[in-house]
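In what follows, a structure is listed as structure tokens, so that the remarks can point back to it.
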Amino acid sequence: MIVVIGGGPAGRIGAMHLAHAGREVRLIEKRKIGGQCLHDRCMTICALNDIARLIEYARTQKDLGILDSVPTVSYPAVVRRMRDVQEKLSTVLDVETRRAGVDIVYGAEGRLEGDRVFVDDEEVRADAVLAATGSRAAIPDIPGTDLAGVYTYQTLPDMEELPCRMVIIGGGVVAAEFAHVFRAFGSNVDIIARHEVLRGLDGKVRAAAIRDLSGVEIREETAVLRIEGSGRVRSVLLAGGEEIEADAVLLATGLLPRSESLQGLKKGPDGAVIVDRRMRTSVEGVYAAGDVIGPPYLTPAARREGTVAAENILGHPAIMDYTGIPQAMSLRYDYAFATTGADGEGVTLSAPAPAGPGSFWDVAGGWAGLAQVRIDPETGRLIGAAACVPGAATLLSYVGYLMKRGITASDFDDIVEVHPSTDGVYGLARYAADMLRKRDG
């Protein structure tokens, strides 16, 4: 029997892969199948951002005189209905996983002591183990994080009413996504970041994202001294002495691998289980995948890691390759980007994206998004791409794969894309190919 600990993307996909191969698989899930992606992070952002975009599009059309009013949000109803849909999706995943032949055990904790496997306090026999115990929100060392009204992405649905003033501590993707949502919902939102907000993004992509955060007060290079309140949050005190009123604080300060139940394995300083490219841990017969092994903390990467682990458990050598795996962020538009990791000497081309579904009416305000490509001038290979448009996430999934396969700018000459579309990447790639041909001609 093979034991899989954790029913998130890595564990579930790995378990199904093993079961499809005819192996006996038992999946131990303490909470609900689907993991944080379904219950806390990805799907929560999808749910909230769909509503935020609806409000923003309505606001644009009201400003143009097309609509008479902008809808308002019942936050309790949003959370209630969101939870209903998440439960429905979890039921679908449960049925799908069981049909694949996986035995699911809910409400129990799987743990390891080296190569010994326990379900709660009972030791079980296992021919191999896949540990996919996920991650949790990192809580900064700031006084006051235990006050009522202070949330993480995991506890945010416990918030009963829409706050008048929300302070978000953190400067990454999660901070930006929730800032966009709650500003659209009507809250006054402040972002407090120790560094530059979205500092890992290309400059033009970052500038486009900041545009989508219009109305959010952003304080960069700023430290939080403490969160004030008597029983409940009242304000946030900054290191410089400024005090910002708040009736809700969201901690968007990163993730930590949830590896406390996995003992006897080699781990990094942050608790991440150390694996090789075959997802093997330091203990023979024990594999790990997903957030518990640390960054990139991406659902598609976790799924692939789970598959790679399963293949190696089955005796089919497989290697995890992170090249070209796209990343995305959801604001007014989708922000998606991918790279081969070999872009040191590349040439970057950027241009406004064409208007299309989801961006037509924004042209009245002088904006329809951004497209970007990065080309290796010596080989013509596409080594990076980004799109800041509606539907960008789907586009970059395929472009990332093509980059991994070595597509060149000139290969785009033969691609006839769908229309109407907000995609400007294909056109930029063709333009880059023309530039290279003129240089070489």
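Heads up: numbering here begins at 1 and tracks the sequence.
- Side-chain polar atoms of Tyr335 and Gln327 form no donor-acceptor pair below 3.5 angstrom.
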Chi angles and distances behind the side chain to side chain donor-acceptor pair (under 3.5 Å) call for Asp202, Gln372 | CA-CA 10 Å; Asp202 168 86; Gln372 187 176 92; 2.9 Å; yes
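- With Asp362 as reference, Arg332 is the one residue of Arg332, Arg211, Arg53, Arg59 to meet the salt bridge (Lys or Arg N to Asp or Glu O under 4.0 Å) rule.
- Side chain of Gln61 to backbone of Ile66: no donor-acceptor contact under 3.5 angstrom is found.
- Donor-acceptor pairing under 3.5 Å is recorded for the side chains of His180 and Asn49.
- For Ser421 and Asp423, the side-chain atoms include no donor-acceptor pair closer than 3.5 Å.
- At a threshold of 4.0 Å, the pair Glu87-Arg81 does not count as salt-bridged, since none of the basic side-chain nitrogens sits closer than that to a carboxylate oxygen.
- Applying the 6.0 Å contact sphere to OH of Tyr398 captures no more than 12 heavy atoms from other residues, nucleotides or ligands.
- When Thr91, Asp40, Thr44 are each tested for a side-chain hydrogen bond (donor to acceptor under 3.5 Å, both in side chains) with Gln86, only one passes: Thr44.
- Under a 4.0 Å N-O distance rule, the pair Arg26/Asp103 qualifies as a salt bridge.
- The existence of a salt bridge linking Arg304 and Asp321 is excluded, since no basic side-chain nitrogen approaches an acidic carboxylate oxygen closer than 4.0 Å.
- A salt bridge links Arg41 with Asp291: at least one charged nitrogen is closer than 4.0 Å to a carboxylate oxygen.
- Annotation for Tyr57: atom OH counts as buried by contact number, over 12 foreign heavy atoms lying within 6.0 Å.
- Within the 4.5 Å cutoff, side-chain heavy atoms of Met16 are placed close to those of Thr97.
- Heavy atoms of other residues, nucleotides or ligands lying less than 6.0 angstrom from CZ of Arg199 number 12 at most.
- With salt bridges taken as basic N to acidic carboxylate O contacts below 4.0 Å, none links Glu29 and Arg12.
- Salt-bridge formation is detected for the pair Glu196/Arg206: a Lys NZ or Arg NE/NH1/NH2 atom is positioned less than 4.0 Å from an Asp or Glu carboxylate oxygen.
- Note on ring orientation: taking the six-membered ring where Trp is involved, the planes of Trp367 and Tyr333 are parallel (angle under 30°, cut-offs 30° and 60°).
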Audit row: Leu93, Leu38, side-chain contact (heavy atoms from CB on, under 4.5 Å) steps and yes/no = CA-CA 10 Å; Leu93 295 184; Leu38 172 57; 4.0 Å; yes
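- One finds a salt bridge joining Glu260 and Arg136 here, because a Lys/Arg side-chain nitrogen approaches an Asp/Glu carboxylate oxygen to under 4.0 Å.
- Heavy atoms from other residues, nucleotides or ligands lying under 6.0 Å from CD of Glu245 number 12 at most.
- Between Val119 and Arg111, the closest side-chain pair of non-hydrogen atoms is not below 4.5 Å.
- Annotation for Phe360: atom CZ does not count as buried by contact number, only 12 or fewer foreign heavy atoms lying within 6.0 Å.
- More than 12 heavy atoms of other residues, nucleotides or ligands lie within 6.0 Å of CZ in Arg258, so this atom counts as buried by the packing criterion.
- For Asp94 and Arg98, the salt-bridge test passes: some basic side-chain N is under 4.0 Å from an acidic carboxylate O.
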